[in-house]
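Here is the structure we will look at, set down as structure tokens.
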Amino acid sequence: MGTYIAGRLAQMIPTLLLIITIVFLLVYIVGDPVSLMLGEHATPEQVATMREAMGLNDPLLVQYFNYLGSVLTGDFGDSYRYNQAALPLVLDRIPATLTLAIGAILLALVIAIPLGVWAATRRGGVVDSAVSSLSVLAKAMPNFWLGIMLILLFAVVLQWLPVSGSGSWAHLVLPVVALGTGTAAEITRLVRSSMVEILSQDYIRTARGKGLRQRVVVYKHALLNAFVPVTSITILQFSTLLGGALITEVVFSWPGLGQLLVNAVSMRDMAVVQAAVFVIAVMVLALSLISDLLFKAVDRRISLG
């Protein structure tokens with residue numbers, strides 16, 4: 001296990017190096033960083049002073065290696081908008097985003113597993129068709145549109161929940177529902193297809209032939225074996241939620257990493273953009289490793305070698 005983890009961590013190094021390079025070039029792709037930060041009304045003297053302070057007068061290769069050295073020490077520069085180091089600013093927003101993503105994935109699992117099992121055990125019936133149709137509909141609805149509809153209904157019309165912001169569990173309900181609905185649809189379809197395949201296996205027919213109750217056959221034998229692909233899609237969806245939370249956080253003014261990144265892009269605060277992109281990439285790579293380890297925990301037949 002230790003050797004496998006060390007090997008995977010070593011494999012992440014080239015990926016992180018590529019991400020660091022892309023993040024570095026991102027500044028130059030969008031335009032002159034000094035002009036973006038100072039705006040079009042800056043004087044030539046201000047531009048020259050800022051370029052010298054940021055080391056932008058050095059050759060591009062020298063700038064790249066200087067940037068690489070700074071990143072290795074956790075220095076992405078300072079946010080000119082917040083007047084503080086960019087990386088700590090980004091890290092401070094991670095708990096809010098993780099809270100939203102974890103809430104959404106838990107809601108998705110609570111909805112998806114029962115519905116998927118219910119549809120699989122009634123394959124071809126009215127329930128199966130209804131669950132499949134609802135899954136397609138939920139998957140087709142964009143998160144931001146669903147979020148706006150939820151705000152109009154539950155916050156504006158019924159006034160049951162707050163419109164936006166954070167501070168209590170009530171502020172978490174609408175963004176979690178908006179973010180988790182599409183994930184629930186995806187997991188529901190996977191649970192159903194996995195259960196349909198497993199319920200047709202020989203050992204399931206043998207279990208039924210022994211006189212075991214339907215509930216025991218479905219939940220003890222079939223569902224446990226369906227957890228391997230479900231675990232896979234759950235981890236992948238959690239990674240997607242970290243990125244998909246960007247728009248949802250803006251819609252609900254949720255103070256997470258997504259809202260910070262969107263504001264940084266609109267304000268051309270490139271230090272924060274670079275730090276946020278790098279942190280999200282590291283989190284996704286870490287989730288990929290966790291996913292493989294969970295596969296092994298769920299199904300001991302899987303070899304990590």
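The first residue in the sequence is number 1, and the count goes up from there.
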query = Quick one: do Leu61 and Phe24 end up in the same hydrophobic cluster if we chain Ile, Leu, Val, Met, Phe, Trp and Tyr together by side-chain heavy atoms under 4.5 Å apart?
reply = yes
request  = Treat each ILVMFWY residue as a node, draw an edge where side-chain heavy atoms are under 4.5 Å apart, and state whether Val272 and Leu25 are in one component.
outcome  = yes
Leu174 versus Pro162, closest heavy-atom pair with distance = CD1-O, 3.8 Å
query = Between Pro175 and Thr248, which heavy-atom pair has the shortest distance, and what is it?
reply = O-CG2, 3.9 Å
query = Relative to each other, are the rings of Phe76 and Phe278 parallel, tilted or perpendicular (30° and 60° limits)?
reply = tilted
query = Is it true that atom CZ of Arg123 has more than 12 heavy atoms of other residues, nucleotides or ligands lying nearer than 6.0 Å?
reply = no
note = Between Ser79 and Ala271 the two heavy atoms that sit nearest each other are N-CB, 4.4 Å
request  = Starting at CE of Met195, measure out to CH2 of Trp118 and round the result to the nearest 0.5 Å.
outcome  = 14.5 Å
pair Arg192-Ser132: side-chain heavy atoms closer than 4.5 Å = yes
Approximate separation, where rounding is to 0.5 Å, of Ser164 OG and His171 NE2 = 7.0 Å
ask   = Could you give the distance from OG (Ser168) to CG (Leu161), rounded to the nearest 0.5 Å?
value = 9.0 Å
Same cluster (ILVMFWY, side-chain, under 4.5 Å), Val126 and Val131 = no
inquiry  = For the CG atom of Leu137 and the NZ atom of Lys139, what is their distance to the nearest 0.5 Å?
reply    = 13.0 Å
ask   = So, for Leu261 and Ala276, which heavy atoms are closest and what is the spacing to 0.1 Å?
value = CD1-CB, 3.8 Å
Trace of the side chain to side chain contact (heavy atoms under 4.5 Å, CB included) decision for Phe238 with Thr234 = CA-CA 6 Å; Phe238 189 77; Thr234 299; 5.6 Å; no
message = Using side-chain heavy atoms (C-beta onward) and a distance below 4.5 Å, is Met141 in contact with Met149?
response = no
Let me check something: any side-chain donor-acceptor pairs from residues 91-110 under 3.5 Å, sequence neighbours excluded? List them with distances.
unit_1, atom_1, unit_2, atom_2, d
Arg93, NH1, Gly256, O, 3.4
Thr97, OG1, Glu249, OE2, 2.8
Thr97, OG1, Leu257, N, 2.6
Thr99, OG1, Pro95, O, 2.7

ask   = So do the side chains of Leu134 and Leu115 get within less than 4.5 Å of each other, counting heavy atoms only?
value = no
key: Check: Tyr82 and Leu260 side chains under 4.5 Å, non-hydrogen atoms   = yes
ask   = Looking at Ala85 and Asp78, what are the two nearest heavy atoms and their distance?
value = CA-OD1, 3.4 Å
query = With a 4.5 Å limit on heavy-atom distance, are the side chains of Trp254 and Leu172 in contact?
reply = yes
request  = State, to 0.1 Å, how close Val117 and Val218 come at their nearest heavy-atom pair, and which atoms those are.
outcome  = CG1-CG1, 3.5 Å
query = Does the side chain of Val71 come within less than 4.5 Å of Tyr67's, by heavy atoms?
reply = yes
query = Are Val177 and Phe154 in one and the same hydrophobic cluster, where Ile, Leu, Val, Met, Phe, Trp and Tyr link if side-chain heavy atoms are under 4.5 Å apart?
reply = yes
key: Flag side-chain contact, heavy atom, 4.5 Å: Thr21 against Tyr64   = yes
Straight-line distance of Ile280 CD1 to Leu285 CG, nearest 0.5 Å = 12.0 Å
ask   = Got a donor-acceptor contact below 3.5 angstrom from the Ser200 side chain to the Glu197 backbone?
value = yes
query = So how far is it from Ile148 CD1 to Phe252 CZ, rounded to the nearest 0.5 Å?
reply = 8.5 Å
message = When you group the ILVMFWY residues by side-chain heavy-atom contacts below 4.5 Å and let the links chain together, are Leu60 and Leu17 in the same group?
response = yes
request  = Walk me through it: do Val156 and Ile151 pass the test side chain to side chain contact (heavy atoms under 4.5 Å, CB included)?
outcome  = CA-CA 6 Å; Val156 177; Ile151 290 174; 4.3 Å; yes
